[in-house]
Structure formats: structure tokens, C-alpha cells
Amino acid sequence: MSTPSGFPDRRPLGTEFDTVVTSTPVITPTPESAVSWGAIIAGAVAAAALSLVLLILGVGLGLSSVSPWSFDGVSKETFGWTSVAWLTFTALAASGLGGYLAGRLRTKWTNLHGDETYFRDTAHGFVSWAVATLLTAGLLTSAIGGVLGAGAKVAGATAGAAATTAAAAGAGAGAAGMGPKEGDMEYWVDSLFRNASTNAPPAPPPPPMGAPMDPAAGPRDAAMPPRPMPGNERVGDRREVRAEVNRIVVSSLQSEGLDPADKQYLAQLIARETGMTQAEAEARVTDVQTRMRAALEDAKNTAKTAADDARKATAYAALWLFITLLIGAFFASLSATWGGRRRDL
């Protein structure tokens with residue numbers, strides 16, 4: 001723009017420009033989570049799966065190493081210690097894998113102190129072990145119980161067959177003392193009514209007709225009636241008699257001993273059935289009662305021994321399982337720190 005005098009306009013420069021101020025946007029950093037749940041769950045699932053696989057393998061190896069036959073297979077002490085060793089190895093392998101995956105797959109943390117990173121890795125390994133333990137105890141219980149139950153049934157059937165063969169009489173008497181069915185006492189009732197021994201010398205033949213009578217033989221011997229032969233009574237009466245004897249014997253086992261009146265009554269029944277004298281019948285009652293009580297005591301001692309062995313085995317198994325779980329927790333935490341260091345490289 002020119003003035004009338006022909007000189008240019010001398011107004012200050014810059015009045016025709018506007019001042020533009022540009023502000024730099026402030027970006028807020030995204031907060032980093034201290035827990036990577038994806039890595040924890042992945043490690044826990046892997047640990048639970050490996051535990052199941054190793055446990056099934058251990059059951060197979062264990063059942064293949066034992067046998068019901070004598071001098072075949074490992075002893076129970078060897079089997080117990082190898083089971084403990086295998087459980088410990090399973091805990092170390094599964095916990096180590098789960099902890100390493102939890103540390104290796106976690107989010108990479110920045111601007112953290114080394115001690116804080118170490119603590120977080122340790123926590124990831126421990127939480128992964130805890131989740132894996134809950135999964136194994138909850139979701140995998142049915143599969144593990146089925147495998148172990150099959151082995152327990154086989155072992156129980158074998159042990160039961162051996163015990164039945166070794167103590168058949170004791171089992172019958174022991175069951176009778178605790179109120180069994182009537183048939184459980186048939187063996188002892190039959191032993192009461194067995195025929196007399198045939199080892200006695202045979203009786204002399206009768207004298208011929210018209211021979212003089214031996215003066216040493218009194219009229220009592222000559223007039224003695226023949227002994228009754230067993231089996232002449234009716235079948236219904238014999239069953240009732242044996243049922244009554246069964247009840248008397250069971251009642252005597254549940255008390256301190258056989259009542260004298262019951263003993264005399266049993267002796268009379270036995271003498272009538274077998275042709276024995278009253279004294280012989282009473283001696284048989286006493287002998288059978290003694291053997292029955294001895295068998296009952298042996299059965300009780302066997303049951304107590306088995307229960308005590310089961311209690312000790314359960315206690316030892318619980319203590320070793322507790323120790324194994326602690327070892328697994330420690331190794332999972334340690335493995336997570338190894339995996340975290342590899343992640344931050």
C-alpha cells in the first residue's frame with residue numbers, strides 16, 4: 001500500500017500474522033497388571049495333565065511289580081518306598097512344568113525393580129501350583145479314583161481269598177460272635193454231633209446160645225439196652241435240635257462262657273444223637289467250646305492287626321502327601337523365576 005507522497009508504508013511488521021500455539025498431547029501410560037492370569041491358568045492345566053499321566057503310569061508300574069504268589073514280586077516295604085519316590089517325582093515334574101510356563105508366558109513388566117520382578121514371578125509359580133492342585137483334586141478325582149479303585153479291588157480280592165483259605169474256621173467263629181446268620185455256626189454244631197471215634201477195640205462176639213454166663217458180668221451189663229444209632233430220628237426233629245444248639249452256642253460266645261445247665265443239656269443231646277456217654281459228651285462240649293473261643297480270639301486279633309496296619313499306612317500316606325505338596329509348591333515357585341528370567345531376555 002503506497003502513501004500519496006510515494007513512500008512505502010512504514011508500519012511495524014507482523015501485524016498481519018496470527019500467533020499459533022501447538023500443545024503436545026500427554027499420553028498416559030497403560031497400567032500393567034501384576035498378575036497374568038492367562039499364564040497362570042496355562043501352567044496349571046499343563047501341571048494337572050502331567051500329574052494325571054504320571055500317576056496312571058505309576059499305577060501301571062506298581063501293579064506290574066506286585067504279585068499274590070509267594071516269592072514273586074517286590075515286598076510291601078519296597079513297594080511303599082517306591083510309591084513315595086514316584087509321587088515325589090510326579091510333584092517335581094508337574095509343578096516344575098506349571099511354574100516354568102507361568103513365568104515364561106507372563107506379561108513383560110517394565111520399569112520395575114529386580115526384587116519386585118522376582119517376587120511377582122515367585123507368586124505366579126505359587127498360584128499356578130495352587131490352581132493345579134485344586135484341578136487335580138476336584139476335576140480329576142473321578143479318573144484317578146477309578147484307576148486306583150481297580151487296583152484296590154484286585155489287591156483286596158487277593159488278600160481276601162488268602163485270608164479265607166488260611167482262617168476258615170476262625171472266620172466262622174469270629175462272625176458268630178458278632179451275631180451272624182444261623183448258617184455261620186453249622187461247622188461247630190456239626191463238630192458237636194459227629195459220631196464217636198471208631199479207634200476203640202471191637203467188642204467181643206456174643207456167647208453162643210446155651211453157653212454159661214460169665215460170672216464177672218453183672219445183671220446190669222446183661223440188661224443194658226443197645227445204644228441208639230444216629231439218624232433214626234425224624235429230619236424235622238434233628239433240624240430243630242441243631243437250631244436250638246446253634247442258639248445256645250451263639251449265646252455262650254456273646255457271654256463269658258457256657259452255663260453249666262446249658263452244658264449238661266447239650267451233653268444230653270449229643271449223647272442221644274451219637275450214642276456217647278454223658279461224660280464223653282460233656283468233654284466234647286468243653287473241647288469244642290475251647291477251640292471255638294480260640295478261633296474267635298484269633299479272628300479278633302487278625303482284624304485288629306489289619307485295622308492297625310491300615311491306620312499306619314493311611315497316616316504315613318497323608319504325611320508323605322503333605323511333604324510332597326510342599327516340595328511341589330517350592331519347585332513351582334522356583335521354576336517360575338527361571339521362566340520369568342528367560343522371558344525378560
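Owing to the predicted nature of the structure, the values given are computational and were not obtained by experimental measurement.
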Other residues, nucleotides, ligands: >12 heavy atoms within 6.0 Å of F193 CZ: yes
Minimum-distance pair of heavy atoms, taken over all atoms of D121 and T337: CB-CA, 3.9 Å
Evaluation steps, side-chain contact (heavy atoms from CB on, under 4.5 Å), between T117 and R341: CA-CA 9 Å; T117 303; R341 289 178 183 178; over 6 Å; no
Pair L258-I248, side-chain contact (heavy atoms from CB on, under 4.5 Å): steps then yes or no: CA-CA 8 Å; L258 188 63; I248 295 174; 4.0 Å; yes
Heavy-atom closest pair, residues A48 and L135: CB-CB, 4.2 Å
From CG (D298) to OG1 (T302), nearest 0.5 Å: 6.5 Å
same_hphob_cluster(W188, Y265) at 4.5 Å side-chain heavy-atom cutoff: yes
Within one Ile-Leu-Val-Met-Phe-Trp-Tyr cluster: F89 and L57, side-chain cutoff 4.5 Å: yes
Side chain to side chain, L192 and V249, heavy atoms closer than 4.5 Å: yes
Shortest non-hydrogen contact from A332 toward W129: CB-CB, 3.7 Å
Rounded distance [0.5 Å steps], CD1 in I323 versus CD1 in I327: 7.0 Å
Within-4.5 Å side-chain heavy-atom neighbours: F79 and S65: yes
CG-CG distance between D259 and L266, expressed to the nearest 0.5 angstrom: 10.0 Å
T314 (side chain) donor-acceptor with A310 (main chain) under 3.5 angstrom: yes
Flag, side chain of T274 to backbone of I270, donor-acceptor distance under 3.5 Å: yes
Chi angles and distances behind the side chain to side chain donor-acceptor pair (under 3.5 Å) call for T286, K263: CA-CA 8 Å; T286 302; K263 180 178 179 181; 2.8 Å; yes
Ion pair D308/K304, N-O distance below 4.0 Å: no
Minimum-distance pair of heavy atoms, taken over all atoms of A47 and G98: CB-CA, 4.0 Å
Single-linkage hydrophobic cluster L97~F126, side-chain heavy atoms < 4.5 angstrom: no
Full working for side chain to side chain donor-acceptor pair (under 3.5 Å) between S75 and T78: CA-CA 5 Å; S75 61; T78 304; 3.0 Å; yes
M292 side, atom CE; D287 side, atom CG - distance, nearest 0.5 Å: 10.0 Å
S36 side chain to T107 backbone, donor-acceptor under 3.5 Å: yes
Shortest non-hydrogen separation from A102 to H124 and the atoms involved: CB-O, 3.9 Å
Side chain S95, main chain L92, donor-acceptor under 3.5 Å: no
Criterion salt bridge (Lys or Arg N to Asp or Glu O under 4.0 Å) on D190 and R194, from CA distance to verdict: CA-CA 6 Å; D190 291 340; R194 288 173 183 169; over 6 Å; no
Donor-acceptor pair, side chain of S128 and main chain of A44, under 3.5 angstrom: yes
W86 atom CH2, over 12 foreign heavy atoms within 6.0 Å: yes
Considering all heavy atoms, the nearest A281-M276 contact: N-CE, 4.0 Å
Separation of R343 CZ from R104 CZ (nearest 0.5 Å): 8.5 Å
Expected output: side-chain R106 to main-chain A336 donor-acceptor under 3.5 Å: no
Any donor-acceptor pair under 3.5 Å from T277 side chain to E280 backbone: yes
Lys/Arg N to Asp/Glu carboxylate O, E116 vs R120, below 4.0 Å: yes
Transitive ILVMFWY side-chain link L50 to V45, under 4.5 Å: no
In one Ile/Leu/Val/Met/Phe/Trp/Tyr side-chain cluster, 4.5 Å: V131, L105: no
Intermediate values then yes/no, side-chain contact (heavy atoms from CB on, under 4.5 Å), D262 and V285: CA-CA 10 Å; D262 291 337; V285 170; over 6 Å; no
pair F331-Y100: side-chain heavy atoms closer than 4.5 Å: no
